[in-house]
Colleague: 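One structure follows; several queries about it will come next.
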Amino acid sequence: MVNNREQRATPRIRGTMSAAQNADDFWLYDLRVETVVGDRTSVCRHVEGESFRVEGELLVFDGQQKVSMYALAALLPLLPAKQRPTSPNDWMSTDAEIACPDPNCGGRFRVTRTAKRTFSHAETTGLPDQRGTPYWKDKT
């Protein structure tokens with residue numbers, strides 16, 4: 001059970017409040033990024049099954065999970081696009097694997113959309129005339 005203080009300081013998972021209930025709201029997909037090693041040899045340090053999550057603007061690593069900074073540099077520009085709603089026919093909706101940037105490496109990263117997380121524009125913008133309390137700060 002999440003207490004009220006934690007609920008207010010954390011963006012809502014889709015289902016707890018509809019974006020239609022507040023015109024200031026928008027939503028993003030949470031993502032899971034998992035290392036996949038296919039039929040080609042992985043020459044970089046890619047361990048099958050290692051993963052991290054993307055929740056809003058945060059990269060969340062559990063335990064001792066690791067990812068190469070070079071692979072992460074290739075992934076980062078695509079993650080915000082994968083978080084946003086797209087047409088079912090858009091390749092961003094249908095293509096789930098991103099190759100390691102080393103052309104000699106067979107490692108890939110599978111990006112899976114998981115939950116939808118609702119945010120408030122006023123809690124996420126830096127514009128002074130539109131800014132509210134940041135979503136990650138305690139509002140009590």
Side-chain angles (χ1 to χ4, degrees):
M1 175 84 182
V2 176
N3 69 39
N4 289 338
R5 184 174 170 183
E6 288 172 329
Q7 254 180 340
R8 287 193 308 269
T10 304
R12 297 167 298 278
I13 298 294
R14 183 89 169 161
T16 59
M17 178 177 173
S18 168
Q21 291 174 319
N22 185 346
D24 187 48
D25 283 352
F26 66 98
W27 61 267
L28 299 173
Y29 284 103
D30 284 352
L31 305 174
R32 175 178 162 80
V33 182
E34 180 178 7
T35 303
V36 178
V37 179
D39 54 352
R40 291 182 52 216
T41 302
S42 175
V43 296
C44 302
R45 188 211 168 269
H46 301 306
V47 177
E48 181 91 23
E50 282 194 333
S51 66
F52 64 92
R53 296 183 319 278
V54 181
E55 297 175 354
E57 66 184 52
L58 303 175
L59 301 180
V60 182
F61 293 84
D62 293 328
Q64 294 295 313
Q65 302 290 304
K66 298 176 175 79
V67 66
S68 156
M69 70 176 172
Y70 304 109
L72 188 58
L75 288 166
L76 284 176
L78 299 172
L79 297 179
K82 288 294 277 187
Q83 287 185 292
R84 283 161 169 73
T86 51
S87 165
N89 297 320
D90 187 321
W91 72 269
M92 196 58 71
S93 298
T94 60
D95 297 12
E97 292 189 357
I98 300 165
C100 173
D102 184 329
N104 299 308
C105 183
R108 297 185 312 275
F109 300 89
R110 183 172 296 135
V111 181
T112 306
R113 290 172 168 172
T114 58
K116 292 179 181 178
R117 190 173 299 264
T118 302
F119 294 88
S120 159
H121 180 264
E123 295 172 341
T124 57
T125 186
L127 300 172
D129 60 333
Q130 298 175 26
R131 157 177 351 156
T133 302
Y135 72 90
W136 48 267
K137 283 193 174 180
D138 187 4
K139 296 181 184 181
T140 59

Colleague: Side-chain contact test, heavy atoms from C-beta onward, threshold under 4.5 Å: evaluate it for Leu76 versus Leu59 and give yes or no.
Modeller: yes
Colleague: Around atom CZ of Phe61, are there more than 12 heavy atoms of other residues, nucleotides or ligands at under 6.0 Å?
Modeller: yes
Colleague: Looking only at non-hydrogen atoms, find the nearest pair between Val37 and His46 and report the distance.
Modeller: CG2-O, 3.8 Å
Colleague: Is the shortest side-chain heavy-atom distance between Trp91 and Thr86 below 4.5 Å?
Modeller: no
Colleague: To the nearest 0.5 Å, what is the distance between OG (Ser120) and CG (Asp25)?
Modeller: 6.0 Å
Colleague: Would you say Val43 ends up clustered with Met69 if hydrophobic residues are merged whenever their side chains have heavy atoms under 4.5 Å apart, either directly or through other cluster members?
Modeller: no
Colleague: Tell me, do Val33 and Leu79 make a side-chain contact under 4.5 Å, heavy atoms counted?
Modeller: yes
Colleague: So do Leu31 and Gln83 actually touch side chain to side chain, heavy atoms under 4.5 Å?
Modeller: yes
Colleague: Let's go through Thr114 and Asp30 carefully: what are the C-alpha distance in whole Å and the side-chain angles of both, what is the deciding distance for side chain to side chain donor-acceptor pair (under 3.5 Å) to 0.1 Å, and is it a yes or a no?
Modeller: CA-CA 5 Å; Thr114 58; Asp30 284 352; 4.7 Å; no
Colleague: Heavy-atom distance under 4.5 Å between the side chains of Arg108 and Cys100, does that happen here?
Modeller: no
Colleague: I'd like to know whether Thr94 forms a side chain to side chain contact (heavy atoms under 4.5 Å, CB included) with Asn89, so could you lay out the CA-CA distance, the side-chain angles of the two residues, the decisive distance to 0.1 Å, and finally the verdict.
Modeller: CA-CA 7 Å; Thr94 60; Asn89 297 320; over 6 Å; no
Colleague: Measure from the side-chain N and O atoms of Gln65 to the backbone N and O of Ser51, and report whether any donor-acceptor pair falls under 3.5 Å.
Modeller: yes
Colleague: Taking the side chain as everything from C-beta on, heavy atoms only, tell me whether Thr35 gets closer than 4.5 Å to Val47.
Modeller: no
Colleague: Considering only heavy atoms from C-beta outward, does the side chain of Val111 approach that of Glu97 to under 4.5 Å?
Modeller: no
Colleague: Do the charged groups of Asp62 and Arg53 touch, with an N to O distance under 4.0 Å?
Modeller: yes
Colleague: Rounded to the nearest 0.5 Å, how far does CZ of Arg117 lie from CG of Leu58?
Modeller: 8.5 Å
Colleague: Dump the intermediate steps for side chain to side chain donor-acceptor pair (under 3.5 Å) on Thr112 and Arg32, then the final yes or no.
Modeller: CA-CA 5 Å; Thr112 306; Arg32 175 178 162 80; 6.0 Å; no
Colleague: Is the Phe119 ring parallel, tilted or perpendicular to the Phe26 ring (thresholds 30°, 60°)?
Modeller: parallel
Colleague: Side-chain heavy atoms nearer than 4.5 Å, only ILVMFWY residues, links allowed to pass through others: does that put Leu75 and Met92 together?
Modeller: yes
Colleague: Counting C-beta onward and ignoring hydrogens, is there a side-chain heavy-atom pair between Leu72 and Phe52 closer than 4.5 Å?
Modeller: yes
Colleague: At their closest point, which heavy atom of Lys82 faces which heavy atom of Tyr29, and how far apart are they?
Modeller: O-CD1, 3.9 Å
Colleague: Any Lys/Arg nitrogen of Arg45 or Glu50 sitting under 4.0 Å from an Asp/Glu carboxylate oxygen of the other?
Modeller: yes
Colleague: For the residue pair Cys44 and Ser42, what are the closest heavy atoms and their distance?
Modeller: O-OG, 3.0 Å
